[in-house]
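FYI, the numbering just counts along the sequence from 1.
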Amino acid sequence: MSVFGLGYVGCVSAACLAARGNPVIGVDVNPQKTDFIRQGRTPVVEERIGELIAQAVTSGRLTVTEDVTKAVLATDISIVCVGTPSAPGGGLSTAYLERVSAEIGAALAGKDSWHVVAYRSTMVPGTCAGILIPILERASGKRAGRDFGVCVNPEFLREGSSVRDFENPPKTVVGETDERSGAALMSLYAGLPGPRFQVPIAVAEMTKYVDNSFHALKVTFGNEIGALCAELGLDSHAVMDIFLADTKLNISPAYLRPGFAFGGSCLPKDVRALNHTARQHDLELPVLQNVLTSNEAQLRRAVELVIAQGRRRVGIFGLSFKSGTDDLRESPMVEFAERLIGKGYDVRIYDANVALSRLMGANRAFIEERLPHIGELLTDDIETVVAHGEIFIAGTAEPDVVAAVDGIGPDRTVIDLVRLPGAAQRRQRPGYVGIGW
């Protein structure tokens, strides 16, 4: 294989792939980097990288060149690791990617055998399909997926521990134009631990951004909690030790699936209280201060999704703040229904756990206060809602709702806010849409 760009990612990738027994040709426009590697020296500072490069060069498995055509013609896979710095305004600069793609494409024009171009550089979704593949095709006169393969293979390497991260990846992700190319690239990581994903190219492009944004969010969240704890005279590390000990809800997949807004008796109230406490201490906590703002935006997106359908009769499945409860306190579904009614939509509501005939006490008072026409809107009969609606809102995953949704024809619209069981297959049918997918 050939590795284009011998910075941190390229140098580590080239050395580690060579250490796994693969012949590797490194390519870089900077002669200082290629001269270093020719001498068996590392151009970057990383744990163990010096010894890996020395061993790979001595064995002959790692060589370098400035000749792009020579590198492409002599290899089966080209791995692109050039930089993608920020452009003015915060966008992504693809100048280096475009340049190397044009050079690789020109080399492919003279190659008869199958070749895979794999991008390891970080790029926003749409970059590969919208910019890089067209450049490769123009320069080569060939078609991606037919005459050569293209993959996106994001790296999850941390500077300072990148060799260890290469050998023990948290996951391996390959976006592919075709299964043949994806399988060829994935085979380079055979035997390494962690789950493996062969996915559409744009999904692979997005994964690195999701990871890094979440890492940034975690750092900021921890720092904001630390700042508030300091103001309150608390040991923030003692607090976070308890937080981190919960791997069922806190450090886990819980709450991380895209869906509808949060609500209930705890989350909104407690976020407000924490922000109020911060304000009392003149403390600015931008992430925590905007959690409820972001939640409101998700509710607004759901309303806009209904408006975009251009139909007026709406059936809502689910009214409580989550499945399996009759608790209506700060339920986003109640607020959602209220907004649709306010905009003149003809609404009917079904929730097996919130039947008007069984409501009592605070729940009955709450719903009558928020939805004064509840007697006309809320029904115990799911078929009444099914017969009424042109648009259906799935706000609960109760089995009777799943069954009802599966019986709704493609001439009517289902907006799935909770990603019902079987949603991945159901998405193929017309009129089935979700929020956040």
Side-chain angles (χ1 to χ4, degrees), residues 1-28 33-34 36-64 71 75-84 116-123 151-176 181-199 203-212 214-215 218-219 247 251 253:
M1 63 210 67
S2 45
V3 175
F4 288 79
L6 297 174
Y8 277 93
V9 173
C11 193
V12 170
S13 297
C16 289
L17 288 168
R20 289 172 61 79
N22 302 287
V24 179
I25 301 175
V27 187
D28 201 287
K33 290 182 181 180
T34 52
F36 263 66
I37 294 177
R38 281 193 187 95
Q39 298 166 30
R41 299 163 58 197
T42 174
V44 300
V45 177
E46 273 290 323
E47 182 184 79
R48 290 181 53 206
I49 193 66
E51 61 186 85
L52 287 181
I53 288 179
Q55 292 168 1
V57 170
T58 300
S59 69
R61 285 194 299 270
L62 176 59
T63 60
V64 289
T75 57
D76 305 304
I77 300 174
S78 292
I79 301 176
V80 178
C81 302
V82 299
T84 52
V116 178
V117 182
Y119 292 97
R120 207 145 161 79
S121 305
T122 302
M123 62 183 87
C151 293
V152 168
N153 177 213
E155 46 80 20
F156 306 101
L157 310 176
R158 298 167 295 172
E159 289 190 28
S161 62
S162 54
V163 173
R164 278 181 284 134
D165 290 342
F166 186 99
E167 295 172 343
N168 296 279
K171 56 186 174 285
T172 300
V173 179
V174 172
E176 59 193 28
S181 297
L185 188 61
M186 190 66 84
S187 70
L188 299 182
Y189 308 108
L192 294 181
R196 296 159 179 267
F197 302 91
Q198 286 182 238
V199 295
V203 172
E205 288 173 312
M206 187 65 173
T207 55
K208 183 65 180 290
Y209 287 97
V210 175
D211 281 21
N212 282 351
F214 189 53
H215 299 162
K218 288 196 291 184
V219 171
T247 57
I251 310 303

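Of the possible donor and acceptor atoms, none in the side chain of Arg120 sits under 3.5 Å from a partner among the backbone N and O of Val152. In this structure, the side chain of Thr84 engages the main chain of Thr122 through a donor-acceptor pair within 3.5 Å. A side-chain donor-acceptor contact under 3.5 Å links Asp28 to the backbone of Leu6. For the pair Ser59 (side chain) and Ala56 (backbone), a donor-acceptor distance under 3.5 Å is present. Remark: side-chain polar atoms of Arg20 are paired, donor with acceptor, to backbone N or O of Ala190 under 3.5 angstrom. A side-chain donor-acceptor contact under 3.5 Å links Ser121 to the backbone of Val82. In this structure, Gln39 contributes its side chain and Arg41 its backbone to no donor-acceptor pair below 3.5 Å. No donor-acceptor pair closer than 3.5 Å links the side chain of Asn153 to the backbone N or O of Ala118. For Arg196 (side chain) and Tyr189 (main-chain N/O), a donor-acceptor pair under 3.5 Å exists by modelled atom type.
Taking CD from Glu205 and CE from Met123, the interatomic distance works out to 5.5 Å, rounded to the nearest 0.5 Å. For the atom pair CG (Asp165) and CD (Glu47), the distance works out to 10.0 Å, reported to the nearest 0.5 Å. Distance CG/Leu62 to CG/Leu52: 10.5 Å, rounded to 0.5 Å.
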* Given Val64 and Val27, is the side chain to side chain contact (heavy atoms under 4.5 Å, CB included) satisfied, shown in steps? -> CA-CA 6 Å; Val64 289; Val27 187; over 6 Å; no
* Test side chain to side chain contact (heavy atoms under 4.5 Å, CB included) on Leu192 and Asn168 and set out the steps. => CA-CA 6 Å; Leu192 294 181; Asn168 296 279; over 6 Å; no
* Would Leu188 and Met1 count as a side chain to side chain contact (heavy atoms under 4.5 Å, CB included) if you check the C-alpha gap in whole Å, the side-chain angles of each, and the deciding distance to 0.1 Å? -> CA-CA 10 Å; Leu188 299 182; Met1 63 210 67; 3.5 Å; yes
* Walk me through it: do Arg158 and His215 pass the test side chain to side chain contact (heavy atoms under 4.5 Å, CB included)? => CA-CA 12 Å; Arg158 298 167 295 172; His215 299 162; over 6 Å; no
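Residues Phe36 and Ile53 form no side-chain contact, since every pair of their non-hydrogen atoms from C-beta on lies 4.5 Å or further apart. Put simply, the side chain of Asn22 does not reach to within 4.5 Å of the side chain of Arg61, judged on heavy atoms.
Listed by chain and residue number, Leu217, Lys218, Leu256 satisfy the side-chain contact (heavy atoms from CB on, under 4.5 Å) test with Phe214 (two or more places apart in sequence, or in another chain). The side-chain contact (heavy atoms from CB on, under 4.5 Å) check on Phe156 picks up Pro154, Pro170, Lys171, Val173, Thr207, Lys208, Asp211, with sequence neighbours excluded.
Of all non-hydrogen atoms in Ala18 and Val24, the two that sit nearest each other are N-CG2, 3.8 Å. Taking each heavy atom of Ile77 and Ala184 in turn, the nearest pair found is CD1-O, 4.0 Å. When all heavy atoms of Cys11 and Ile49 are compared, the closest pair comes out as O-CD1, 4.0 Å. Looking at every heavy atom in both residues, Cys151 comes nearest to Val174 through SG-CG1, 4.1 Å. When every heavy atom of Lys33 is checked against every heavy atom of Pro43, the shortest pair comes out as CG-CB, 4.1 Å.
Judged purely by distance below 3.5 Å, without hydrogens or angles, the side chains of Ser78 and Ser2 pair a donor atom with an acceptor atom. Using modelled atom types, one finds a donor on one side chain and an acceptor on the other under 3.5 Å when comparing Ser162 with Glu46.
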